[in-house]
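Everything on this sheet refers to the single structure shown next.
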Amino acid sequence: MRISAGQRRARLGLRHRLAVKAATPEEVAASVVALHGSDPSSVFLSAGARLAAPGPEPVERAIYDDRTLVRMTGMRRTVFAVPAELVPVVHWSTMAPVARRERRALMKVFGADGWDEARVAAAEAAVLRALAEHGEADAARLGTLVPELREQAVLAAGKPYEALVSLGSRLVPLMAMDGLLVRGRRAGGTWVNGRHLWGLAPELPSMAAPEARAELARRWLAAFGPATEADLKWWTGWTLTETRAALSAAGAVEVELDEGPGLVLPDDLEEVPEPEPWAALLPALDPTPMGWQARDWYLTDGHRAELFDRNGNIGPTVWWDGRVAGGWAQWPDGEIVWRLLADVGAEGRAAVEAQAAALAAWLGEVRVTPRFRTPLERELSAP
């Protein structure tokens with residue numbers, strides 16, 4: 001069976017239109033597997049672009065009060081906001097090899113200064129005791145409670161990028177990767193603030209890694225299929241062997257895409273009708289444009305350099321009818337400004353303008369600057 005780029009855009013549009021009817025941030029996150037959280041504002045902006053009633057309050061409630069969204073390190077060592085029921089799947093499918101690599105790196109840096117595994121384990125135990133006794137704490141407070149965390153070592157000695165790093169800056173995130181700690185409430189400021197408290201993680205249900213990988217592959221195909229084997233390998237950070245085994249266990253079936261062989265769930269083979277034209281202003285690192293490695297079917301290659309930074313992080317994008325049509329930014333006075341890189345017609349312009357006005361309205365006094373700046377966003381953000 002052949003699925004054209006047009007059909008892929010139609011499926012993307014139908015999924016987006018379903019997501020914008022979502023009542024909760026958890027439903028939004030589930031529709032795209034998880035929300036990117038490396039830039040704290042992206043979680044709120046990605047949810048706001050899809051919620052029927054956007055605003056920071058429901059997202060804060062889900063993350064901080066109800067804990068139905070959990071900020072955790074996941075695919076490709078990236079921070080995501082993950083629906084609580086999916087946390088074991090993400091952890092057991094992606095985190096074990098990442099945590100092992102991070103622990104080896106930590107021991108390499110601090111081993112030269114006399115740290116062995118027993119000493120590191122003692123520091124970990126001290127962190128757990130401190131949080132159990134005092135409750136959630138930010139990194140600075142943890143350093144006071146557990147002085148060992150403030151000890152430093154030289155990273156990349158003799159290299160141009162040589163730097164001093166503290167044990168806490170490496171060990172505390174590693175403990176979260178091991179499922180011992182969880183990111184809690186933000187440490188002051190508005191919802192764009194990236195500082196947060198650390199707390200003890202609830203007990204993590206056990207899953208076999210192959211089972212977890214199969215479930216994650218199934219969820220990803222439901223949100224982003226049809227797609228390629230290479231797309232999933234890139235998105236997860238798995239080996240090729242792990243990727244192929246997960247796709248097979250998920251029951252993926254092969255289809256023909258414009259760029260070659262693709263994969264889709266067996267219940268997603270029917271042709272879908274063209275949705276009504278739709279516009280969206282998606283933030284930097286939104287999970288939709290970050291869902292695939294190959295992007296030519298929804299992004300004109302000539303505009304890639306304007307919309308991505310050198311590390312492959314996408315900036316804020318304007319969407320029209322299943323394609324990236326431009327980019328946007330926020331001025332210091334709060335106005336949302338945008339530039340089209342493709343002709344969307346009068347209907348498209350009006351729809352984008354309405355989306356920009358709606359975004360400015362719910363942002364209010366909050367000003368958003370993406371953590372990873374891209375050429376077009378930098379240009380637009382200067383009045």
Check Arg15 with Asp268, please: is the shortest side-chain N to carboxylate O separation under 4.0 Å? yes

Salt bridge or not between Asp309 and Arg371? Use side-chain N to carboxylate O under 4.0 Å. no

Under 3.5 Å side-chain donor-acceptor pair for Ser41 and Asp39: yes

Residues at least two apart in sequence or cross-chain that pass side-chain contact (heavy atoms from CB on, under 4.5 Å) with Ser381, listed by chain then number, are Ala329, Arg373, Glu377

What do you reckon, are the aromatic ring centroids of Trp297 and Trp292 less than 6.0 Å apart? yes

Looking at Arg119 and Glu151, does any basic side-chain N land under 4.0 Å from a carboxylate oxygen? yes

Which pairs pass side-chain hydrogen bond (donor to acceptor under 3.5 Å, both in side chains) with one or both residues in residues 77-95, sequence neighbours excluded? Arg77-Glu102

Qualifying salt bridge (charged side-chain N to carboxylate O under 4.0 Å, His left out) pairs, either residue in residues 278-289, two or more places apart: Arg50-Asp286

Does one side chain, of Asp231 or Thr228, offer a donor that lies under 3.5 Å from an acceptor on the other? yes

Please report the shortest heavy-atom distance between Trp278 and Ala280, naming the atom on each side. CZ3-CB, 3.9 Å

Test: Arg213 and Glu242 ion pair at under 4.0 Å: yes

Does the distance from a Lys or Arg side-chain N to an Asp or Glu carboxylate O, for Asp321 and Arg9, drop under 4.0 Å? no

Does one side chain, of Thr68 or Glu26, offer a donor that lies under 3.5 Å from an acceptor on the other? yes

Taking ILVMFWY side chains as joined if any heavy atoms are under 4.5 angstrom apart, and letting links pass through other members, which residues group with Leu257? Met1, Ile3, Val253, Val255, Val264, Leu269

Salt bridge (charged side-chain N to carboxylate O under 4.0 Å, His left out): pairs with one or both residues in residues 168-178, sequence neighbours excluded: Arg103-Asp178

Among the clusters formed by ILVMFWY side chains lying less than 4.5 Å apart, do Tyr64 and Leu131 turn up in the same one? no

Look at Arg8 together with Glu259 and state whether they make a salt bridge at an N to O cut-off of under 4.0 Å. yes

Residues in side-chain contact (heavy atoms from CB on, under 4.5 Å) with Glu274, at least two apart? Ala10

Applying the 4.5 Å side-chain criterion to the ILVMFWY set and letting contacts propagate, would Val120 and Leu155 be lumped into a single cluster? yes

Check ion pair Arg244-Glu229 (N to O, under 4.0 angstrom): yes

Any heavy-atom pair between the side chains of Ser38 and Phe372 that's under 4.5 Å? yes

